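Along the sequence shown, the residues carry numbers beginning at 1. Start at 1 and go down the list; that is how both ligands and their atoms are numbered. For clarity, every value in this text was computed on a predicted model and none was experimentally measured.
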Amino acid sequence: MTKDSPVARTVPVLVPMPAERPYSYAVPDGMEVEPGSIVRVPLGPREVGAVVWDGPGEAVDPRKLRPISLVFDCPPLTEETRRFVDWVAAYTLTPPGLVARMLLRVPAAFDPEPPVEGLEYAGHEPDRLTPARRRVLELAGDGMAWTRSGLAHAAGVSSSVVDGLSAQGVFRPVMLPPRPIVAPPDPDYAAPELTADQAAAAAELTGSVERGGYSATLIDGVTGSGKTETYFEAIAAALRAGRQVLILMPEIALTQAFLDRFHDRFGAKPAEWHSDVPPRGRERVWRQVAEGAVRVVAGARSALFLPFRELGLIVVDEEHDTAYKQEDRVFYNARDMAVVRGHIGDFPVILASATPSVETRVNADRGRYRRVALPARFAGAALPDIATIDMRRHPPARGGFLSPVLLSRMKDTLARGEQSLLFLNRRGYAPLTLCRVCGHRFQCPDCSAWLVEHRFRGQLVCHHCGHHEPRPEACPECGALDHLVACGPGIERIAEEVVGHFPDARTIVLSSDLVGGTKRLRLELEAIAKGEADIVVGTQLVAKGHNFPNMTLVGVVDADLGLANGDPRAAERTFQLLSQVTGRAGRTGKKSHGLIQTFQPAHPVMQALASGDAETFYAREIAERERAGMPPFGRLAAFVVSAATRHEAEGYARELRRAAPDMAGVEVLGPAEAPLSLLAGRHRFRLLLHGERRANMQDFIRALLAAAPRPRGSVRVQVDIDPQSFL
Ligand code: ADP
Ligand code: ZN
């Protein structure tokens, strides 16, 4: 196209909408754009932030072609980032525009941060020199620019001293670049002394960083063996090589202790990225990641979609954690996509876990991933002694849920001045409320789920959609007064039982329901770590990553809870969760115990936990998966069809089934009504696709969707590649 061509130059632009392809826009004369440029474009009646893409754009009638409104003063997204977006979109069968939207979520960061007002020495002497003024001048006299408060703070004087000097013309105002959100980490700030095992593991990890290029390494070792300590060395190596680092963590908002540890090692904190970071903070992190000022981010799964410019290492901590799977709009598993990002960017990825996912274990066993093992806890801290309590032989007292065996161990622990943790993965007081007179059960009006009583709040709550109503005095069905009974335990009820047995102990209940949110939770966790509680009753929130030095007993109230839910990973999940929970005990060398209440003490999960023989458990689980062709030996994908009526949902699910192409190696199971058949007022059906490892599920699904009629009316379809949830 020549300069005086009548046709405007056009570029493809990916808009943050469910667009299958970039749209074409005209580039006005004099505007410079390149692939990755962040721009503002008109879209219908609005203007949106979008990215200049590569490849062909959608063909448009030249008369309808609209111009790009402006190019933001922002570093363009790298080629690597763009290929990552394309890859995630193709793999998850999501329109690329929706994936790009995850990257473009903070439009306020597209403009540079405003400069900060500062001052510098102008060369004049003040009229008189007090000791305070002298200290200020000693610092600022070399001509470096300072902020007013920074200078006052450094000189140990009040800001008015600095103001006084400014008023006399000793300083002149200057504009400073915006302050970095975190100081740069120093890879050599405080290198630890590693044990021989740790040093060997660290050498493997740093080696993969120093050699460069893609690799995926599993670091596998019991809780407290020093995995964190070891991968910090790989982070140091990446920093020395001038690369940015991303650490993904499942519960980053609660891991204050991790940030402090990072600070101890690197002399500065990592930038945080998660939903509790306020909007302004997020804008700054996004911007400074794009500019390269932020070198290390510790974040939740969505941090994978930050605009890194020289990412050189991703660490996925607790890689087995289910929190890495997003099941909303873009269905993706951040652990798997981290490996993809490493592959595209040609840099190493480290997966850390004491209880790796079966998928990752198999990848390591078959040489697709490397494996580095840390066999023992640091400093000889012993793992807790784990035993099961057979609830058929040691039943709790009537109306209770804690067996005498567990209660007596709690009593001993209390007497020694040590802490106990009771774990139950169920919030609230009781999972079911019914009327003793007519048998009425309280159900969510919008979901096929019972309402969970939250006694402290006086509410019945749906844990699926959030519906809540006050707990009535009378049965709404038969009107009987005071005949409602709570069935089964939640943590509030366990806490009530604990207080009944140990009225003088300091008991804390911890779950995500805590009034005061994350901040309050952090405080409570710190209080527990400092020993300000004797007995903690909590959900899996307390299981993740915390270090409670005085905790020597962990009791699992209902170990069978997660086993009977039709999830092919139920055994694996239960093993991981309970290992992690019992791993809270004995982190500092005191003799410690884990007691697991179960009705199935012979179950392989309970056997593995009690014997500490994880290898046998993994071997059995892997053999089972291989026999059934389940992941990673086969592939799964799910369709969830939902609609306003059951009839519509079922009808469309059947149409999808009929549209399935003939492809060797893929079978379609269902449709079947989903276990959660009604969710937030929508009726749900599921189809499960089961493919051989080699099968191209994406091609199959694309062909299926192309052959199926478009969804009509209220019908919606979600595609979930590698589903983790089967509800
Ligand atoms: P993991 O990540 O495997 O659970 P951590 O790295 O958190 O293990 O280590 C457990 C505890 O032991 C931490 O408190 C850590 O500071 C300490 N620790 C581990 N290795 C060392 C070491 N080489 N020197 C000093 N402290 C260590
Ligand atoms: Zn509901």
>> On a heavy-atom basis, I'd like to know which of Lys227, Arg261, Arg265, Glu229 is closest to atom 7 (O) of ligand 1.
In response: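 Shortest heavy-atom distance from atom 7 (O) of ligand 1: Arg261.
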Looking only at protein heavy atoms, which one is nearest to [atom], and how far off is it?
atom                    : answer
atom 8 (O) of ligand 1  : Gly226 N, 2.9 Å
atom 2 (O) of ligand 1  : Thr228 OG1, 2.6 Å
atom 18 (N) of ligand 1 : Phe378 CD2, 3.3 Å
atom 11 (C) of ligand 1 : Gly224 O, 4.6 Å
atom 20 (N) of ligand 1 : Gln198 NE2, 2.9 Å
atom 14 (O) of ligand 1 : Asn547 ND2, 3.8 Å

> Please walk me through it: do Arg361 and Glu615 pass salt bridge (Lys or Arg N to Asp or Glu O under 4.0 Å)?
Replying inline: CA-CA 11 Å; Arg361 265 297 299 259; Glu615 286 310 308; 3.1 Å; yes
>> So for atom CZ, which belongs to Arg416, do other residues, nucleotides or ligands contribute more than 12 heavy atoms lying within a distance under 6.0 Å?
In response: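 Yes, because the 6.0 Å sphere around CZ of Arg416 holds more than 12 heavy atoms from other groups.
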> Are there more than 12 heavy atoms of other residues, nucleotides or ligands under 6.0 Å from atom NZ of Lys519?
Replying inline: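 For Lys519, atom NZ is not crowded (no more than 12 foreign heavy atoms under 6.0 Å).
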> Do Pro192 and ligand 1 have an N or O pair less than 3.5 Å apart?
Replying inline: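 So ligand 1 has no N or O lying under 3.5 Å from an N or O of Pro192.
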>> Here's a test for you: under side-chain hydrogen bond (donor to acceptor under 3.5 Å, both in side chains), which of Arg573, Lys325, Gln326, Glu327 qualifies with Gln724?
In response: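 With Gln724 as partner, side-chain hydrogen bond (donor to acceptor under 3.5 Å, both in side chains) holds for just one option, Arg573.
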> Is there a donor in the side chain of Glu418 and an acceptor in the side chain of Thr552, or the other way round, less than 3.5 Å apart?
Replying inline: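 Yes.
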> Do Asn550 and Lys590 have side-chain N/O donor and acceptor atoms under 3.5 Å apart?
Replying inline: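 Side-chain D/A pair, Asn550 to Lys590: present.
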